[in-house]
Amino acid sequence: MSATTPATRTVALLNQKGGVGKTTTTVNLGAALAESGLRTLLVDLDPQSNLSLHFGVETDEGRPSTSSLFADPPATAWDCVVEARPGLSFIPADTELALVEGELAGRPDVQSVLRNALAPLHTRFDCILLDCPPGLGVLSVNALTAANEVIVPMQAHYLALRGLEKLLETVQLVAAGLNPQLVCSGVILCMHETLSSHGKAVVEEIHSHLESFRGTDVPWRHCQLLQPPIRRNIKLAEAPSFGKTIFDYDSKCPGAEDYRRVAQSIVAMWKGQQEQAVQESAPPLPLPATSTG
Ligand SMILES: Nc1ncnc2c1ncn2[C@@H]1O[C@H](COP(=O)(O)OP(=O)(O)OP(=O)(O)O)[C@@H](O)[C@H]1O
Ligand SMILES: [Mg+2]
């Protein structure tokens, strides 16, 4: 692969804690990346199907879904893809996905089923965002095996910081075995209370925690606290009830503004990584090409 070869960024949006903003971030970050010209695929890996509901898709409608990718034999990934908007597609989930854990037991490829299933889509998409369920079960491990990188949506709370440390240890375990290229590239603060003094103290602590690993060889040594934090904004909670992304629902509200800006930060981070890889003449990290149409 050359530095100019378009390749697909596969990003796991992961946090073992529930209700921290994983799905809201997958949908709206994905929509912002699509708006910026990247061909984007979202994969719903949660049996709650919340991502699918953001696009007005009810579960269990008999359509091919994420659980079809885990079937033996699996469905063809392209048959599971639903185009939501120009440049923005998703693979819906259904409640069957809850059974996958048991069904995969005993299969030799238990942790790499998703990676193998998504591989044929790499020529079709510049980035693939994986909306992980809460917890660190077999679906999350499949996401970590399929991904190049992890972005952690979290709140600026003390206990969330302790959770982050545990999550990074899991990333390290997967990077040490199943997926050596895996890195944790960013943390996105969600539902952020900009004025809370506790929040400010925790932001400072996250920052110095990440800084303390620069120059080491852990998979989060380059991890950034992505800017800006996503402010608490009721429009982000309202949009899914209309089956809309924040850009379709209210493209000028603070939530839309924050997700647009954080998408710009991520694209800039990817470009910086690629430039650095070229300078170091190391095999380049994949950078999605901007689609022209
Ligand atoms: N910035 C925000 N402002 C206001 N509400 C938000 C914001 N981000 C998320 N929410 C709301 O918080 C709730 C939890 O968010 P979300 O579903 O994205 O979390 P999650 O981590 O995916 O949860 P789960 O672990 O259950 O999958 C949802 O009701 C969502 O609409
Ligand atoms: Mg979710």
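Remember, it's 1-based here, ligands and their atoms both numbered in the order they're listed.
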Tell me, please, if Thr23 has any N/O/S atom, main chain or side chain, under 2.8 Å from the Mg ion (ligand 2)? yes

Protein contact to atom 9 (C) of ligand 1 [nearest heavy atom, distance to 0.1 Å]: Thr24 OG1, 3.3 Å

Is the side chain of Asp258 donor-acceptor paired with the backbone N or O of Ile230 at a distance under 3.5 Å, no angle test? no

Here the atoms of ligand 1 under 4.0 Å from any heavy atom belonging to Asp46 are 27 (O)

What protein heavy atom is closest to atom 20 (P) of ligand 1, reported as residue, atom name and distance in Å? Lys22 N, 3.5 Å

For the pair Ser67 (side chain) and Ser65 (backbone), establish whether a donor and an acceptor sit closer than 3.5 Å, ignoring hydrogens and angles. no

Which of the atoms of ligand 1 are close to Pro134, meaning less than 4.0 Å from one of its heavy atoms? 25 (O), 27 (O)

Heteroatom proximity flag, Thr23 to ligand 1, N/O under 3.5 Å: yes

Could you tell me, atom by atom, which parts of ligand 1 come under 4.0 Å of a heavy atom of Gly18? 25 (O)

Side chain, backbone, both or neither: which part of Arg231 has a heavy atom under 4.0 Å from ligand 1? backbone

Tell me if a side-chain donor or acceptor on Thr216 pairs with a main-chain N or O of Phe213 at a distance below 3.5 Å. yes

Taking 4.0 angstrom as the limit and counting only heavy atoms of Leu236, give me the atoms of ligand 1 inside it, by number and element. 1 (N), 2 (C), 31 (O)

Compare Ser241, Ala237, Ser49 and give the one whose heavy atom is closest to atom 11 (C) of ligand 1. Ala237

Tell me whether Ser52 contacts the main-chain N or O of Pro92 through its side chain, where contact means a donor paired with an acceptor under 3.5 Å. no

Do the side chain of Arg214 and the main chain of Arg221 share a donor and acceptor less than 3.5 angstrom apart? yes

Test your reading of the model: is there a side-chain donor-acceptor pair from Asp46 to the backbone of Asp131, 3.5 Å cut-off? no

Closer than 3.5 angstrom, by distance alone: can the side chain of Thr66 be matched with the main-chain N or O of Asp44 as a donor-acceptor pair? yes

Are Val174 and Val110 linked, directly or through other ILVMFWY residues, by side chains that come within less than 4.5 angstrom of each other? no

Counting non-hydrogen protein atoms only, what is the nearest one to atom 23 (O) of ligand 1? Give residue, atom name and distance. Gly19 N, 3.0 Å

What I want to find out is whether Glu257 reaches Arg260 closely enough, with some N-O distance under 4.0 Å, to be called a salt bridge. no

Any ion pair linking Lys166 and Glu169 (charged N to carboxylate O, less than 4.0 Å)? no

Among Ile230, Leu189, Asn233, Val20, whose heavy atom sits nearest atom 4 (C) of ligand 1? Asn233

Would you say atom 29 (O) of ligand 1 touches the protein, meaning some protein heavy atom is under 4.0 Å from it? no

Nearest non-hydrogen contact with atom 7 (C) of ligand 1 belongs to which option: Gln155, Gln48, Lys235, Met191? Met191

Which heavy atom of the protein is the closest neighbour of atom 19 (O) of ligand 1, given with residue, atom name and distance? Gly21 N, 3.0 Å

